[in-house]
Amino acid sequence: MTALQPARGTRDLIGEDFRRHHKVAETARRISALYGFEEWATPIFEDTRVFSRGLGDTSDVVSKEMYTFTDRGGESVTLRPEATAGLCRALVSNGLTQSNLPRKVFYTGPMFRYERPQKGRYRQFHQIDIEVMGAAEPLSDAEVIACGWHILQELGVAAATVLEINTLGDTPSRDAYRAALIAYFSAHRDALSHDSRVRLEKNPLRILDSKDETDRAIVAGAPTIAAHLTPEAAEFYGSVRRHLDRFGVPFRENPRIVRGLDYYSHTAFEFVTDQLGAQGTVMGGGRYNGLVEEMGGPPTPCVGWAAGVERLAMLLPEAPPAPRPVAVIPVGEAAEAPALDLLQALRRAGVTAEIGYRGNLKRRMERANRIGARAAVILGDEEIAAGVAQLRDLDAGTQEKVPLAEVPGRLA
RNA sequence: GCGGCCAUAGCUCAGUCGGUAGAGCGCCAGGUUGUGGUCCUGGAUGUCACGGGUUCGAGUCCCGUUGGUCGCCCCA
């Protein structure tokens, strides 16, 4: 096909697709506001260092998935692959690290990763995101998760997902656990898949969520982090779980949950589903305590999550309905002016109303039907002479004369 | 970055053994010069994704490209 198409991994959101996306973002905006989150917007592209520092040089996102350009001034800039690093940069850039902490931020917008597209995965995709910046208390972890759960419930997708949580511990816990894992997997090195042997060098934690069957058998016998947690890290995790119970958020502990990006510690969680093929994670996040420092700010503990809007939009049990307007239909030239007056009166009364730009009565009725109008208001010479309009219910097919002044009230 | 499958009308898809393109839905017009959604009648629409090859002849077979899709890697 020679016609222009959207670039690979991008797509247009039109009609039902747009309404699905909009419902996800709007619901997240509304519910997160109930928890005290304020919405921010930050640039779509940033200095490349915001991401290379923030996400860790070894992560795939940084090493091979970023849209990075040199601009005309010779600066290296990158289309953001996620929101968190930019939000932490904004906290520092705007001098917000000194007071008023924690800041609770809601975010939604497009993100960019150069990946092979597949179901629920695009090169330009959208996330909703909340972050609590500047709180070290486990209550903030639990509140962030409770807010996510609340949003999923409101969207009607909660029943299709399961919350899995784990702890990655603090730095001493993680280092000790990492060493134990390396020792264990090294002993089984020859039985591991090729991918996992690479992981053993790069990021041993990643072997824990391998999909390879042989790996899984080995993983089943692998040490868990529980035995390596410092007392402080263990107490932190216990407190998060107690708060989740109090908030009434059901969860399943999964010691094999890890996070893809390097900045996480302590709480890690994912809402997963079996309805999206290989892209099972619908919302994922955790605690990250070093990122603000990476951006040049003071040590600032944070916790948050991101969720894929495309994935949530696909899970919505039903498409949000299109709005149903009222069609105002003048018959004959003399009716046009009063029809426009009535049209605006309807809109001022909060009624979605449309007028066709051309066509006779039949044509306009056809169009009213096609745009899903719930009612037609027909105004011709006879009606104007009598000071009324024909108000036709397009679902029932019934029609009656209504005094002009009463029409907006009848349709509100 | 790697592998499987797929690409025919606006949409969903048929197209036999290689013989010059079809259906349903939708769209347009009429049946009805003041009434839609139902019904009836008629009509339009394709570089068969793109490029090359085999052949007298390719939607059909072969190669490549692009795109889609599913999986791997990774991730929301």
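Letters A, B, ... mirror the listed sequences (proteins, then strands); counts begin at 1.
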*Is the phosphate of B/G36, meaning OP1 or OP2, less than 4.0 Å from a side-chain N or O of A/K362?*
yes

*In residues 13-31 of chain A, what residues come within less than 4.0 Å of RNA chain B, judged by heavy atoms?*
none

*Closest listed nucleotide, where the reference is the side chain of A/R8 and the choices are B/G34, B/G68, B/G36*: B/G68

_Once you apply a heavy-atom cut-off of 4.0 Å, does A/G9 come out as touching a base, just sugar-phosphate, or nothing?_
sugar-phosphate

_At less than 4.0 Å, is any side-chain N or O atom of A/R11 found next to OP1 or OP2 of B/G68? Yes or no._
no

_Ion pair check, A/R30 and A/E154, cut-off under 4.0 Å_ = yes

*asked:* If the cut-off is 4.0 Å, is A/R363 near the phosphate of B/A29, judged by side-chain N/O to OP1 or OP2?
replied: yes

*With sequence neighbours left out, what residues match A/S193 under side-chain contact (heavy atoms from CB on, under 4.5 Å)?*
A/D195, A/S196, A/D212, A/D215

*Complementary nucleotide of B/G22, counting Watson-Crick and G-U pairs under 3.5 Å*: B/C13

_Side chain of A/K211 - closest among B/C74, B/G34, B/A76_ = B/C74

*Could you tell me which non-hydrogen atom of A/L394 sits nearest to which non-hydrogen atom of A/A373, and how far apart they are?*
CD1-O, 3.5 Å

_Looking at A/R116, I'd like to know whether one of its side-chain N or O atoms comes within less than 4.0 Å of OP1 or OP2 on B/C75._
no

*asked:* Counting the atoms with a prime plus P, OP1 and OP2 as sugar-phosphate, which does A/G332 contact under 4.0 Å by heavy atoms, base, sugar-phosphate, or nothing?
replied: nothing

*What is the base-pairing partner of B/G57, counting Watson-Crick and G-U wobble geometry with both distances under 3.5 Å?*
none

_Cation-pi geometry met for A/R121 and A/F125 (6.0 Å, 45°)_ = no

*Once you apply the 3.5 Å cut-off to both distances, tell me the Watson-Crick or G-U wobble partner of B/C2, or none.*
B/G71

*asked:* Looking at A/Q118, I'd like to know whether one of its side-chain N or O atoms comes within less than 4.0 Å of OP1 or OP2 on B/G71.
replied: yes

*Trace of the side chain to side chain donor-acceptor pair (under 3.5 Å) decision for A/D393 with A/T398*: CA-CA 5 Å; A/D393 181 319; A/T398 55; 4.7 Å; no

*Once you apply the 3.5 Å cut-off to both distances, tell me the Watson-Crick or G-U wobble partner of B/C50, or none.*
B/G64

*asked:* Check for me whether the distance between the ring centres of A/H150 and A/Y35 falls short of 6.0 Å.
replied: yes

*If B/G43 has a Watson-Crick or G-U wobble mate with both distances under 3.5 Å, name it; if not, just say none.*
B/C27

